**Q** 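My structure is below; once you've seen it, I'll send some questions.
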2 protein chains.
Amino acid sequence: MAIKKRPRQPKSENRRLDIRDVAKHAKVSIATVSRTINRVPTVDKELADRVWLAISELNYFPNTQARALVSGRTRLLGLLISEITNPFFPELIRGFEDIAVENGYEILIGSTNYHPERMSLAVRRMIERNVEGVAVMTFGVEQPLLEELASRHVPMVFVDSGPPGDLVRPLLVDYRKGIQQGVQHLAVLGHRKLGYISGPSQQRSSQLRTAAFLESLEQIGVTPNPEWIFEGDHTLEGGMRCMEQLLALPELPTAIMCSNDMTAIGGLRVLTRAGLRVPEDISLIGFDDIHLAEFVNPPLTTVRMSRNDLARSAFGALRAIAEQEQGGHPREWKVTTSLVVRQSTGYPRDSALAPAAGTPSTKKKKSSKKV
Amino acid sequence: MAIKKRPRQPKSENRRLDIRDVAKHAKVSIATVSRTINRVPTVDKELADRVWLAISELNYFPNTQARALVSGRTRLLGLLISEITNPFFPELIRGFEDIAVENGYEILIGSTNYHPERMSLAVRRMIERNVEGVAVMTFGVEQPLLEELASRHVPMVFVDSGPPGDLVRPLLVDYRKGIQQGVQHLAVLGHRKLGYISGPSQQRSSQLRTAAFLESLEQIGVTPNPEWIFEGDHTLEGGMRCMEQLLALPELPTAIMCSNDMTAIGGLRVLTRAGLRVPEDISLIGFDDIHLAEFVNPPLTTVRMSRNDLARSAFGALRAIAEQEQGGHPREWKVTTSLVVRQSTGYPRDSALAPAAGTPSTKKKKSSKKV
DNA sequence: TTGAAAGCGCTAACAT
DNA sequence: ATGTTAGCGCTTTCAA
């Protein structure tokens with residue numbers, strides 16, 4: 001597009017400046033220009049100065065394509081996401097763009113829009129453009145696509161976990177801390193009877209969450225009641241099913257933590273249908289902070305992971321893989337969590353703390369309700 | 001990164017497949033492979049078949065860098081935005097990604113984050129990567145940067161308008177239609193006394209809006225009352241100032257349209273402080289549908305432009321410039337608008353239509369009411 | 001219609 | 001420390 005390229009001959013008038021122009025202008029060889037630009041330390045100070053001067057006088061920018069072609073390094077990273085209009089992603093992209101650009105990388109965004117075709121197109125685009133690594137920030141990417149990348153030795157990072165491999169790293173979300181934040185929030189409100197709906201027990205990340213829950217209970221000096229612990233499957237339906245079983249119990253907990261938001265939202269639905277009020281009768285807390293969490297009624301208190309951490313960890317991990325991380329065992333890339341207090345948590349029903357019923361007022365945009 | 005490149009000799013084991021591998025496999029010359037891939041029509045059908053077969057058997061992807069280097073076409077487009085976490089942009093990006101990818105382009109996103117430095121970094125990145133065009137989707141990009149692009153013959157499109165030039169196109173937002181939608185919405189509710197707060201009269205886009213307002217009034221058979229028409233400046237403060245003046249008038253309009261949302265939000269603030277209720281006492285309607293519009297109290301009814309239109313127009317315009325748009329005068333790229341009915345508009349105070357006062361119930365998010 | 005070969009702008013080996 | 005030069009993988013001329 002840029003400019004109509006005439007055949008080859010007439011050295012078109014507005015051709016881009018190239019390294020030879022700079023060399024000529026600075027009266028050095030093109031090799032010296034290249035070395036200067038790449039900060040090879042052996043270049044004579046004076047020559048280097050001449051080169052830099054020429055560069056700025058001519059306003060020369062090196063041609064990335066040519067550099068990439070010869071060096072094999074594109075300084076391009078792929079970011080595979082599900083849908084950019086899902087508010088989780090813009091924040092993530094922002095962090096990723098920031099750190100990538102700081103380090104001289106560009107990012108190629110591939111949205112799958114939940115379509116298998118778009119997904120494979122995205123992977124294809126990344127391979128064609130020779131990305132130096134891919135951050136897979138969405139679930140459900142088909143195995144063959146990942147193999148395609150792996151077979152071409154493209155480093156990958158996954159949120160949470162992915163197929164293991166030499167060039168593959170999981171990002172470690174700090175579930176322990178996240179769950180702890182949730183449990184302590186409930187403890188502070190005065191809850192001692194806590195229930196839990198887990199994710200599928202085969203999934204590593206949900207095992208971690210369950211373990212963290214139990215551990216957090218211990219920290220607040222509460223003995224878990226096995227009756228109140230259910231195994232869900234991280235779906236809305238799973239959450240509903242578990243909540244129904246729970247409601248059949250003779251004694252109910254005053255608060256329930258769920259292994260993810262979808263589970264909590266399913267649970268919420270059942271609670272509401274059963275005529276129980278959240279949080280007046282029972283408090284509910286999720287995990288993930290998906291978009292929907294803010295829009296259910298009442299808005300869900302939940303634990304979210306830092307998009308910025310995620311972005312920086314993904315970048316760092318990709319870079320470390322690529323540069324072979326000479327020193328010792330692979331580093332772990334942690335992602336921190338934070339509690340997002342909305343309106344699905346409040347004092348327990350019979351608590352002395354409760355002004356009457358409902359959520360206590362808190363500062364800022366945290367849950368707040370005049371009773 | 002991708003893979004540790006050993007010096008040059010040992011033809012590293014896991015080098016990428018290249019066109020020669022395909023040529024060998026298909027028993028043709030690399031020229032034929034190239035022609036086949038580029039769908040040059042003169043290739044013999046049978047040879048072409050062999051080539052395609054080889055390509056798919058080897059799972060070959062052409063190297064974009066090499067192609068770009070020799071052809072001078074990167075198939076890369078720059079998208080200059082202010083901030084990706086502003087919800088205006090993800091939608092825009094989505095549309096842009098869709099159409100770009102459909103056409104074999106990639107997009108390079110540059111966020112300015114309202115920092116002059118980031119802005120020039122973004123422009124620099126685009127030039128370095130040799131983008132074939134830039135869609136400038138944010139205001140306030142500094143002139144020198146645009147000149148930098150122009151001097152390198154990079155085609156540009158601007159939302160609404162930008163510095164004119166041979167390789168520059170404005171996108172034309174259909175203000176007339178947008179304003180009309182707003183005015184008719186008010187007319188349907190029963191408003192006949194309409195006020196207007198314009199933008200700065202030097203700015204072309206606000207002239208267009210004002211003209212459209214007057215025209216729309218005529219269409220609904222209302223004679224404009226010059227007393228109720230104020231010139232704002234598209235800022236919050238301007239909106240407040242105008243609204244204060246308006247409130248000093250002996251007779252007030254029942255509804256006010258503003259040239260943009262910030263103006264309306266400023267106006268809303270003054271109205272609220274003056275103890276007037278919106279929309280019970282006075283209806284208010286903005287233009288743009290900025291993020292904030294949804295979160296003010298009451299949420300602002302406004303006119304928004306289609307992000308998808310914007311994206312597609314930007315892409316189309318860029319492409320047309322680049323391909324020199326052989327046929328006649330440059331095409332116009334229109335962007336449509338739509339009315340977003342929220343809660344700042346309702347029946348006029350003394351309307352027989354009003355059930356009591358306040359907003360009529362609406363179905364969906366569109367205006368529509370049973371009278 | 002096909003193939004051989006000349007570059008695209010740059011980096012890095014090699015020579016000096 | 002600097003210059004010369006051979007490619008990187010491809011497209012496109014040119015000759016056959």
Side-chain angles (χ1 to χ4, degrees), chain A residues 2-12 14-24 26-51 55 58 60-75 127-130, chain B residues 2-12 14-24 26-51 55 58 60-75 127-130:
Chain A
I3 208 54
K4 211 82 185 187
K5 246 216 149 76
R6 239 158 298 157
R8 198 161 301 219
Q9 262 62 308
K11 274 275 175 190
S12 168
N14 40 28
R15 42 176 276 279
R16 238 187 103 141
L17 282 168
D18 69 25
I19 199 171
R20 274 164 308 199
D21 299 309
V22 179
K24 208 168 296 171
K27 301 191 199 310
V28 295
S29 70
I30 61 166
T32 299
V33 176
S34 173
R35 289 191 190 103
T36 305
I37 291 173
N38 294 294
R39 312 206 117 85
V40 173
T42 62
V43 241
D44 183 83
K45 176 88 171 65
E46 205 206 314
L47 286 200
D49 286 350
R50 288 221 309 269
V51 171
I55 288 177
L58 297 176
Y60 163 79
F61 290 29
N63 179 320
T64 324
Q65 278 70 248
R67 287 176 104 159
L69 182 58
V70 56
S71 71
R73 302 207 40 193
T74 55
R75 302 195 80 87
I127 293 176
E128 281 186 343
R129 295 266 169 183
N130 255 310
Chain B
I3 207 53
K4 210 85 185 188
K5 248 217 147 78
R6 240 158 299 155
R8 196 161 302 216
Q9 261 64 308
K11 274 278 173 189
S12 169
N14 40 28
R15 42 175 276 279
R16 242 187 101 140
L17 280 170
D18 67 24
I19 199 173
R20 272 163 310 196
D21 298 308
V22 179
K24 208 168 297 170
K27 301 193 199 310
V28 296
S29 71
I30 62 167
T32 299
V33 176
S34 173
R35 290 193 189 102
T36 305
I37 291 174
N38 293 295
R39 311 205 117 89
V40 173
T42 61
V43 220
D44 184 84
K45 175 87 171 65
E46 205 206 314
L47 286 200
D49 286 350
R50 289 221 307 272
V51 171
I55 287 177
L58 297 175
Y60 164 78
F61 290 28
N63 180 321
T64 323
Q65 278 70 246
R67 285 178 107 159
L69 182 57
V70 56
S71 71
R73 303 206 39 193
T74 55
R75 300 195 82 84
I127 293 176
E128 282 186 343
R129 295 266 169 185
N130 256 310

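Residue numbering restarts at 1 for every chain, and letters A, B, ... go by the order of the sequence lines. All values reported here derive from a predicted model rather than from experimental measurement.
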**Q** Consider the side chain of A:R20, meaning its heavy atoms from C-beta on, and name the nucleotide among D:dG9, C:dG9, D:dT12 that approaches it most closely.
**A**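 Side chain of A:R20 sits closest to C:dG9.
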**Q** Is there a donor and acceptor pair, one atom on the side chain of B:R35 and one on the base of D:dT13, closer than 3.5 Å?
**A**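 By the distance-only test, yes, there is a pair.
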**Q** Starting at atom CD of B:Q65, determine the distance to atom P of D:dT11, rounded to an integer number of angstrom.
**A**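 To the nearest whole Å, that distance equals 13 Å.
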**Q** If only side-chain N and O atoms of B:Y60 are considered, is one of them under 4.0 Å from the OP1 or OP2 phosphate oxygen of D:dG9?
**A**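 Result: no.
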**Q** Can you tell me the distance, in whole Å, between the CG atom of B:D21 and the P atom of D:dC8?
**A**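 One finds 12 Å between P of D:dC8 and CG of B:D21, rounded.
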**Q** Could you tell me whether the phosphate oxygens of D:dT11, OP1 or OP2, come under 4.0 Å of any side-chain nitrogen or oxygen in B:S34?
**A**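 For D:dT11, OP1 or OP2 has a side-chain N or O of B:S34 closer than 4.0 Å.
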**Q** Check B:N38, B:I30, B:I37, B:T32 against B:S34 for a side chain to side chain contact (heavy atoms under 4.5 Å, CB included) and give me the one that passes.
**A**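 Answer to the side chain to side chain contact (heavy atoms under 4.5 Å, CB included) test with B:S34 among B:N38, B:I30, B:I37, B:T32: B:N38.
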**Q** A:L69 CG to C:dT11 P: how many Å, rounded?
**A**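 Distance check: A:L69 CG to C:dT11 P gives 11 Å.
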**Q** Whole Å only: how far is the CG atom of B:D18 from the C1' atom of D:dC8?
**A**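 Roughly 10 Å, once rounded to whole Å.
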**Q** If you pin B:A66 and B:A31 to their nearest nucleotides in DNA chain D, which one's is more 5'?
**A**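 Result of the comparison: B:A66.
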**Q** Have a look at A:T32 and say if it touches a base, only the backbone sugar-phosphate, or nothing, with a 4.0 Å heavy-atom cut-off.
**A**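 Sugar-phosphate: the residue A:T32, judged by heavy atoms under 4.0 Å, touches backbone atoms but no base.
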**Q** Can you name the nearest heavy-atom pair linking A:Y60 to A:D18, along with the distance?
**A**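 Smallest heavy-atom distance, with atoms named: CE1-C, 3.7 Å.
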**Q** Counting only side-chain heavy atoms from C-beta out, which of D:dC10, C:dT11, C:dG3 sits nearest to A:N38?
**A**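 The answer is C:dT11.
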**Q** What is the distance from CG of A:N63 to P of D:dC8, rounded to the nearest Å?
**A**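 Nearest whole value for this atom pair: 18 Å.
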**Q** Could you tell me which non-hydrogen atom of A:K27 sits nearest to which non-hydrogen atom of A:R50, and how far apart they are?
**A**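 Taking A:K27 first and A:R50 second, the nearest heavy atoms are O-NH2, 3.1 Å.
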